[in-house]
Amino acid sequence: MTILDKIVANKKREVAAAKAKVSYTQLEESEYFHRETYSFKEFLLDENRTGIIAEFKRKSPSKGIINDQVTVKEVTTAYADAGASALSVLTDRNFFMGRKADLIRARQLNTIPVLRKDFMIDEYQVIEAKALGADIILLIAAILTPDEIKKLASLAKSLGLNVLLEVHNLEELQRSIDPNLDAIGVNNRNLADFTVSVQTSFDLAEHIPDEFLKISESAISNTNVIKELKKAGFSGFLIGENFMRQEDPGAAMREFVKDLRG
Ligand SMILES: O=C(O)c1ccccc1NCC(=O)[C@H](O)[C@H](O)COP(=O)(O)O
């Protein structure tokens with residue numbers, strides 16, 4: 001069983017428990033359920049911002065604990081001040097030490113798009129994402145069929161959410177493209193064996209149709225890579241560990257952005 005299989009098996013149990021605890025009606029009564037979401041595209045292409053989707057990530061299966069000493073408040077507000085185009089907040093508890101409450105907190109404190117970073121396998125989670133205050137959901141091609149992607153993406157769009165599809169290779173990309181997607185993210189981390197290579201983004205860039213925003217995800221740790229990715233057509237850069245492993249992730253992002261704008 002791969003780690004991804006374990007995450008999905010656990011997620012099925014988690015979603016069943018969440019459904020038993022909070023009904024669809026209760027989700028729809030949330031203060032955020034009827035809010036108008038921020039446009040991912042508008043923030044990513046805003047030249048006053050950086051294209052960086054800055055992630056709040058305490059722990060990961062590949063690295064263990066990264067940073068469990070900082071708060072959502074100090075980190076996400078500093079990320080936004082440093083020029084993040086969007087925030088990514090992990091809500092998976094077992095494998096990433098994330099919490100749904102982290103997403104609510106990030107929403108309360110910030111006025112830029114927030115991505116619910118989780119393993120979406122069920123329509124309930126999409127509705128829940130809207131209720132928690134998310135603007136963007138992530139669909140991971142490696143764990144979904146093309147029909148599931150279509151169904152989840154179409155539900156998300158009907159709720160005003162932006163949809164980011166994550167792929168790791170050409171086969172996943174070609175079988176998963178759907179008109180309801182806003183952005184396609186190339187994950188530079190192989191989720192089966194955790195090896196990382198930014199070359200994956202460069203290799204897939206030309207295969208992503210131009211109507212989708214192109215995002216490069218994971219293992220980005222220097223600004224020269226971002227400059228090269230921009231030349232290859234990427235407008236979004238998802239960065240987690242590079243900032244979160246520092247004592248002050250917000251300050252780390254500020255320095256990074258200074259260098260990027262250099
Ligand atoms: O990060 C992991 O170890 C991981 C393992 C299994 C599934 C997903 C995983 N990460 C999710 C992500 O996509 C990253 O958190 C995100 O792209 C940021 O990556 P990084 O900048 O390398 O922290």
Side-chain angles (χ1 to χ4, degrees), residues 1-11 14 40 44 50-68 70 72 75-76 79 82 84-99 102-103 106 113-121 125 134 136-144 163-169 172 183-201 204 213-223 225-226 229 234-246 249-250 252-253 256-257 260:
M1 211 182 196
T2 67
I3 189 74
L4 211 47
D5 294 332
K6 286 184 192 160
I7 292 173
V8 171
N10 180 67
K11 195 57 61 183
E14 242 182 60
F40 192 21
L44 269 189
T50 54
I52 293 173
I53 304 154
E55 186 158 282
F56 186 80
K57 182 180 189 184
R58 292 189 184 91
K59 178 186 170 195
S60 76
S62 61
K63 298 288 166 69
I65 301 278
I66 297 166
N67 190 341
D68 61 356
V70 285
V72 174
V75 174
T76 63
Y79 280 167
S85 292
L87 299 166
S88 168
V89 178
L90 267 314
T91 51
D92 178 85
R93 181 179 280 270
N94 283 22
F95 296 87
F96 291 85
M97 264 173 97
R99 301 172 197 140
D102 292 342
L103 179 48
V114 180
L115 164 68
R116 179 183 188 180
K117 195 85 189 324
D118 209 320
F119 299 80
M120 311 294 270
I121 50 168
Q125 295 167 287
I136 313 162
I137 58 151
L138 178 75
L139 298 179
I140 302 176
I143 60 171
L144 297 167
V163 183
L164 166 61
L165 172 80
E166 175 180 303
V167 300
H168 182 66
N169 56 43
E172 287 180 4
I184 297 191
V186 179
N187 198 339
N188 301 314
R189 177 175 290 110
N190 180 332
L191 298 187
D193 63 14
F194 298 154
T195 53
V196 292
S197 169
V198 181
Q199 190 56 40
T200 313
S201 286
L204 290 188
L213 295 158
K214 296 179 191 179
I215 315 289
S216 181
E217 304 175 9
S218 306
I220 299 174
S221 58
N222 79 72
T223 53
V225 171
I226 293 194
L229 286 164
F234 287 90
S235 48
F237 315 95
L238 176 56
I239 303 181
E241 191 202 330
N242 186 58
F243 301 144
M244 282 299 290
R245 70 167 175 238
Q246 307 302 330
M253 179 167 167
F256 191 88
V257 169
L260 184 65

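Remember, it's 1-based here, ligands and their atoms both numbered in the order they're listed.
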Next on the checklist: Checking K59 against D68 for the salt bridge (Lys or Arg N to Asp or Glu O under 4.0 Å) test, could you report, in this order, the C-alpha distance in whole Å, the side-chain angles of both residues, the deciding distance, and whether it holds?
Outcome noted: CA-CA 8 Å; K59 178 186 170 195; D68 61 356; over 6 Å; no
Next on the checklist: Could you go through N188 and S218, starting from their C-alpha distance and side-chain angles, then the distance that decides it, and tell me whether this counts as side chain to side chain donor-acceptor pair (under 3.5 Å)?
Outcome noted: CA-CA 5 Å; N188 301 314; S218 306; 5.9 Å; no
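Panel note: side chain E55, backbone L90; no donor-acceptor pair is recorded below 3.5 Å. In this structure, the side chain of R116 does not engage the main chain of A134 through any donor-acceptor pair within 3.5 Å. D118 contributes no side-chain N or O that, together with a main-chain N or O of M120, makes up a donor-acceptor pair within less than 3.5 Å. Checking side-chain atoms of N67 against main-chain N and O of M244 turns up a donor-acceptor pair under 3.5 Å.
Near N187, meaning under 4.0 Å from one of its heavy atoms, ligand 1 places the atoms 13 (O). Atoms of ligand 1 lying under 4.0 Å from any heavy atom of E241, numbered from 1 in the order shown and given with element: 20 (P), 21 (O), 23 (O). Which parts of ligand 1 touch I239 is read off a 4.0 Å heavy-atom cut-off, strictly below it: atoms 21 (O). Taking every non-hydrogen atom of F194 and a distance limit under 4.0 Å, the qualifying atoms of ligand 1 come out as 5 (C), 6 (C). Ligand-side atoms of ligand 1 in range of A219: 20 (P), 21 (O), 22 (O), range being under 4.0 angstrom from any heavy atom.
Taking distance alone, with nitrogen or oxygen atoms compared against 3.5 Å, K63 stays at or beyond that limit from ligand 1. Every N/O-N/O distance between N242 and ligand 1 stays at or above 3.5 Å. For ligand 1, the polar-atom distance check finds an N/O of G240 within less than 3.5 Å of one of the ligand's N/O atoms.
Closest heavy-atom approach to atom 13 (O) of ligand 1 within the set K6, K117, K59, E217: this belongs to K117. The option with the heavy atom closest to atom 15 (O) of ligand 1, from among E166, M244, R189, E55, is E55.
F256 is linked by a ring-ring contact (aromatic ring centres under 6.0 Å, His included) to F243, counting only residues two or more places apart in sequence or in another chain.
Evaluated for a side-chain contact (heavy atoms from CB on, under 4.5 Å) with K117, the options L87, L103, L238, I53 yield exactly one hit, L238.
With hydrogens left out, the protein atom closest to atom 3 (O) of ligand 1 is S62 OG, 2.6 Å, a heavy atom. Counting only heavy atoms of the protein, atom 7 (C) of ligand 1 lies nearest to L191 CD2, 3.4 Å. Among protein heavy atoms, atom 17 (O) of ligand 1 sits closest to S218 OG, 2.6 Å.
Using a 4.0 Å heavy-atom cutoff, F96 is listed among the residues neighbouring ligand 1. The shortest separation from a heavy atom of I220 to ligand 1 is not under 4.0 Å, leaving the residue out of contact.
Nearest heavy atom pair, residue Y79 against residue A54, reads CD1-CB, 3.3 Å.
No more than 12 heavy atoms of other residues, nucleotides or ligands sit less than 6.0 Å from atom CZ of R93.
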